[in-house]
Amino acid sequence: MLNVTLIPCYSDNYAYLLSTPDSDEVALVDGCEAAPIVAALGGRRLAAILATHHHPDHVGGNLELREHFPAAAIYGHAAELADGQRIPGQTIGVADGEAGSILGRRFLALHVPGHTLTAVAFYFPDDGLVFTGDTMFGAGCGRLFEGTPLQLHTSLTRLAQLPPLTQVYSGHEYLARNLQFARQVEPANVAMQQREQDCLARREQGLPCEPSTIATELATSPFLRCDVSLVQAAVATRPAELQAELSPVEVFARLRRWRNSF
Ligand code: ZN
Ligand code: FE
């Protein structure tokens, strides 16, 4: 069994500490920022860091963490290893579909380009967990910094096909704002409304809104609902977006642009 502990970093990032009941060895998803992570380790030994993508708010602590734990392996997409270390300290490159193991737990690397071209989601099939970085957020998705709408739509569609009860841990606490946006897109979606109430109640108590599940995302993320006629209709009524017969990818591209200016 894999335990997941949230470590808030910067203003709204999450690093995730992975541990097992009977070991002092731990692993990390995203070495965002060294100080809060070292504090959360509480003297346990860091064996590995899984880097979802190269952005500084996700890898900013890597080198300092490696100073504390020189033997820690740092995983990222294989192209980054070949390309000259946009992921500081990276030691291992993974390709799409590649299997690996940390803390004795099996994971699969899923290449999910779009937010960046080398973004990776780490899926733990035996534990029912996926770490999506900035590719899939609660009711949202990352901006298209490097990839195309088709790439990010394809990546999200792929993640959405994981088993419905898979727990989704994303890189940022963006849920409240994303649900505000989702409400503009689908005002009558009851699942969205309930999730927003739940999220606001949690935030008022200072609690995180992570994790989610694939089933919840399918019901409440407009970015996973580009084939739903109400979402298509909402996008089509946007000024400058007046076009009939949009494909799901075109709906996705317009939704993402709309969210950019929301
Ligand atoms: Zn990012
Ligand atoms: Fe980020």
Side-chain angles (χ1 to χ4, degrees), residues 4-18 28-37 40 49-65 74-81 83-90 93-94 96 109-123 129-156 158-159 168-179 181 199 203 208-212 217 221 223-224 252-253 255-257 259-262:
V4 183
T5 307
L6 282 72
I7 308 174
C9 294
Y10 306 114
S11 58
D12 51 31
N13 277 81
Y14 288 124
Y16 295 104
L17 187 66
L18 311 183
L28 198 62
V29 177
D30 284 346
C32 304
E33 186 183 16
I37 290 171
I49 302 174
L50 306 177
T52 59
H53 65 297
H54 68 82
H55 284 157
D57 58 316
H58 299 264
V59 299
N62 279 11
L63 292 180
E64 199 178 328
L65 290 166
I74 301 184
Y75 293 75
H77 191 276
E80 293 298 338
L81 194 57
D83 230 30
Q85 304 263 295
R86 288 198 299 181
I87 297 174
Q90 185 181 357
V94 290
D96 185 47
L110 305 176
H111 180 210
V112 284
H115 176 65
T116 68
L117 287 177
T118 55
V120 174
F122 293 96
Y123 174 50
L129 310 171
V130 66
F131 297 91
T132 58
D134 289 1
T135 298
M136 179 187 283
F137 293 128
C141 68
R143 283 178 194 256
L144 290 160
F145 282 120
E146 296 179 5
T148 64
L150 176 60
Q151 281 176 317
L152 187 49
H153 182 258
T154 303
S155 296
L156 290 170
R158 212 174 149 207
L159 291 170
V168 181
Y169 289 88
S170 79
H172 289 268
E173 181 64 63
Y174 287 163
L175 183 60
R177 183 66 175 157
N178 283 340
L179 285 169
F181 175 71
C199 170
R203 296 307 289 156
C209 296
E210 301 289 309
S212 170
E217 293 310 324
S221 174
F223 296 97
L224 301 185
F252 177 80
L255 261 184
R256 188 53 264 187
R257 273 210 298 279
R259 178 65 179 82
N260 283 355
S261 60
F262 176 73

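All ligand and atom numbering here is 1-based and tracks the order in the structure. Computed from a predicted model, the values in this text were never measured in an experiment.
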*Check step by step if side-chain contact (heavy atoms from CB on, under 4.5 Å) holds for Thr132 and Thr52.*
CA-CA 7 Å; Thr132 58; Thr52 59; over 6 Å; no
*Polar side-chain atom of Gln90 near backbone of Gly76 as donor-acceptor pair, under 3.5 Å*: yes
*Exam field: side chain Glu173 to backbone Cys209, donor-acceptor pair closer than 3.5 Å*: yes
*Test salt bridge (charged side-chain N to carboxylate O under 4.0 Å, His left out) applied to Glu146 - qualifying residues, sequence neighbours left out*: Arg86
*Mind checking whether Phe252 and Phe223 have parallel, tilted or perpendicular rings, split at 30° and 60°?*
perpendicular
*Report the relative orientation of the aromatic rings in His111 and His77; use parallel for angles under 30°, tilted for 30 to 60°, perpendicular for over 60°.*
tilted
*What are the protein N, O or S atoms, given as residue plus atom name, that sit under 2.8 Å from the Fe ion (ligand 2)?*
Asp57 OD2, His58 NE2, Asp134 OD2, His172 NE2
*Any idea how many protein N, O or S atoms are nearer than 2.8 Å to the Zn ion (ligand 1)?*
4
*Would His58 and Asp134 count as having a side-chain donor-acceptor pair, cut-off 3.5 Å?*
yes
*Counterpart residues, side chain to side chain donor-acceptor pair (under 3.5 Å), relative to Glu210 (two or more places apart)*: Ser170
*Take Val4 and Leu18 through the side-chain contact (heavy atoms from CB on, under 4.5 Å) test and state the conclusion after the steps.*
CA-CA 5 Å; Val4 183; Leu18 311 183; 4.0 Å; yes
